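Input: a single structure, listed below in C-alpha cells.
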Number of protein chains: 2
Amino acid sequence: MMKIYDFPRGPYPARVRIALGEKNLQSRVRFEMVDLYKGEHKTATFLATKNYSGTVPVLELEDGTLIAECTAITEYLDALDGAPTLTGRTPREKGLIHMMNKRAELELLDAISVYFHHATPGLGPDVEIYQNAEWGLRSRDKAIKGMHYFDGVLKAQDFVAGEFFSMADITVIGGLIFAGLLKLPVPAECEALQSWYARMQERPSVKNRVTMSENRVG
Amino acid sequence: MMKIYDFPRGPYPARVRIALGEKNLQSRVRFEMVDLYKGEHKTATFLATKNYSGTVPVLELEDGTLIAECTAITEYLDALDGAPTLTGRTPREKGLIHMMNKRAELELLDAISVYFHHATPGLGPDVEIYQNAEWGLRSRDKAIKGMHYFDGVLKAQDFVAGEFFSMADITVIGGLIFAGLLKLPVPAECEALQSWYARMQERPSVKNRVTMSENRVG
C-alpha cells in the first residue's frame with residue numbers, strides 16, 4: 001500500500017486528497033500525519049529522508065520511492081490507470097491545465113501560503129523562525145487580485161482550465177480552502193468564482209477529503 | 001507556425017528553447033522579442049492579452065491559444081509527437097520528473113530570480129517598482145544551498161530526475177544560466193554539479209539555444 005505523509009486539514013494535502021477521490025484511489029493509500037504545528041516537516045530527519053523542501057504532502061510508493069510536490073503526485077496518480085482525467089490527454093489540454101495549475105499556485109494558493117507564514121502567526125513562533133511581514137502582506141494583496149482574475153476566467157468557462165474538471169480546479173480549491181482557514185473572504189463581487197466554488201464543494205472528492213483519512217488511519 | 005514571446009538570453013526562455021531543440025521543433029516556431037528591460041512584459045496590454053502573470057516565455061498556437069509557464073509549454077511540446085522524452089512515460093517517471101522540476105524551480109531558478117529582481121538592480125528602476133532586498137538576499141542564500149542539494153543528487157545519479165535527461169535537467173540548467181548571468185558562482189566543492197553542467201553545455205539544444213532565434217527572426 002502507498003503511504004502519504006500529510007496534515008489532514010492542510011490546503012496542500014487537500015489537493016492530493018481530492019485527486020485521490022477523483023481517481024477513486026482512497027483504498028490504495030494510508031496516511032501518516034506530520035504535525036505541522038510541531039514543525040515535524042522541518043526536522044533534519046524529515047528534510048534528509050522525506051522531502052528536502054520541508055513540505056507535505058509526500059507520497060511514498062511501495063518500493064520506497066518518494067514523490068513530493070502536489071503537481072508531481074497528481075501526475076503520478078492520474079497516470080496509474082492509463083486513463084488521465086485530471087492532467088490532460090491531448091497536448092493542448094496538458095498545456096492549458098499545467099498553465100492554469102501553475103497560475104493558481106503563483107497567483108492564489110502559494111501567495112496565501114506566504115501571507116500565512118510571513119504576516120500572521122502562521123504555525124507559531126517555534127516553527128516560523130523567519131518572517132518577512134511586508135512580503136507576506138504583499139502576497140495577500142496578490143492573492144485577492146488573483147481571486148478577481150479567476151473570477152474572470154470562470155465567467156467565461158465552467159472550469160479553471162476549460163470545459164472539464166482538472167488539476168487546475170483542484171489547485172484553486174486549495175487556495176480557497178486556505179483563504180477560508182485564514183478568514184480571507186472571496187470578494188462579494190467575484191460571483192462567478194463563488195458560484196464555481198459552491199459547485200466544487202458538492203463534489204464527493206472535495207466534500208469527503210478530510211474524513212477520508214479518519215476512516216482509514218489506525 | 002507557432003509563435004513564442006520571449007527574450008533570447010533570458011533563463012526562463014532558455015528552458016523552452018532547450019525543449020524545442022531536444023524535440024527538434026525549431027522549424028515549427030518563430031520568436032517575437034519582448035524587451036524585458038523596457039518592461040514590455042508588464043504593460044497592461046501584455047498582461048491582459050498574453051499572460052496575466054507578466055512573464056515570458058508564452059507560446060501562441062496557430063489557433064491563437066496561449067500557453068504560458070515553462071512547464072506547461074514543455075508538456076505541450078513534448079506531447080506533440082506522441083512520444084514524450086522530457087516529461088516521462090510511466091507514472092513513476094512523470095512523478096519524479098515533475099517533483100525534481102518543481103524542486104529546481106523552488107530551490108534554485110525561482111530563488112535566483114527573486115534575488116535578481118529584489119536584491120540587485122534587476123531590470124532597472126522603471127521596471128522594478130517594488131523591491132524587498134531582505135527577501136532577495138535570503139533567496140540568494142536559498143539558491144546556493146540548492147546548488148549543494150543538486151550536487152548531492154548528481155553525485156548519486158547521472159541526471160536530475162534519474163538515469164535520463166528530462167525537463168528537470170532543463171530547469172536546473174536554467175538556474176545555472178541565471179546564476180552565470182549574475183556572476184553567482186557554483187561553489188567549487190559542488191564537483192558533481194559542475195561536471196554535470198559541463199556535460200549539459202555540450203548538448204546541441206543547450207549550446208544553440210540563443211542562435212536558434214537569430215537564425216529565424218525577420
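Because the structure is a prediction, the values reported are computed rather than measured. Protein chains get the first letters and strands the later ones, always in sequence-line order, with residue 1 at the start of each. Keep in mind that the numbers below use all heavy atoms, side chains included, and drop hydrogens, waters and symmetry copies.
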Check A:Glu22 with A:Arg209, please: is the shortest side-chain N to carboxylate O separation under 4.0 Å? no
Decide whether A:Asp151 and A:Tyr149 meet the rule of one side-chain donor and one side-chain acceptor closer than 3.5 Å. no
Quick check on the interface: out of A:Glu93, A:His98, A:His118, who has the most heavy-atom pairs with chain B under 4.5 Å? A:His98
For chain B, which candidate among A:Met100, A:Arg103, A:Lys94 shows the most heavy-atom pairs at distances under 4.5 Å? A:Arg103
Please lay out, stage by stage, how A:Asn132 and A:Tyr130 fare under the test side-chain hydrogen bond (donor to acceptor under 3.5 Å, both in side chains). CA-CA 7 Å; A:Asn132 186 318; A:Tyr130 169 77; 3.1 Å; yes
Flag the pair A:Asp141 and A:Lys145 as a salt bridge only when some basic side-chain nitrogen lies within less than 4.0 angstrom of an acidic carboxylate oxygen. no
Taking the six-membered ring of A:Phe31, is NZ or CZ of A:Arg17 closer than 6.0 Å to its centre and within 45° of its axis? yes
Cationic N near anionic O, under 4.0 Å, A:Arg92 to B:Glu75: no
Which residues in residues 41-70 of chain B have any heavy atom lying under 4.5 Å from a heavy atom of chain A? B:Asn51, B:Tyr52, B:Ser53, B:Leu61, B:Asp63, B:Thr65, B:Leu66, B:Ile67, B:Ala68, B:Glu69
Can you tell me if CD on B:Glu189 sees more than 12 non-hydrogen neighbours from other groups inside 6.0 Å? yes
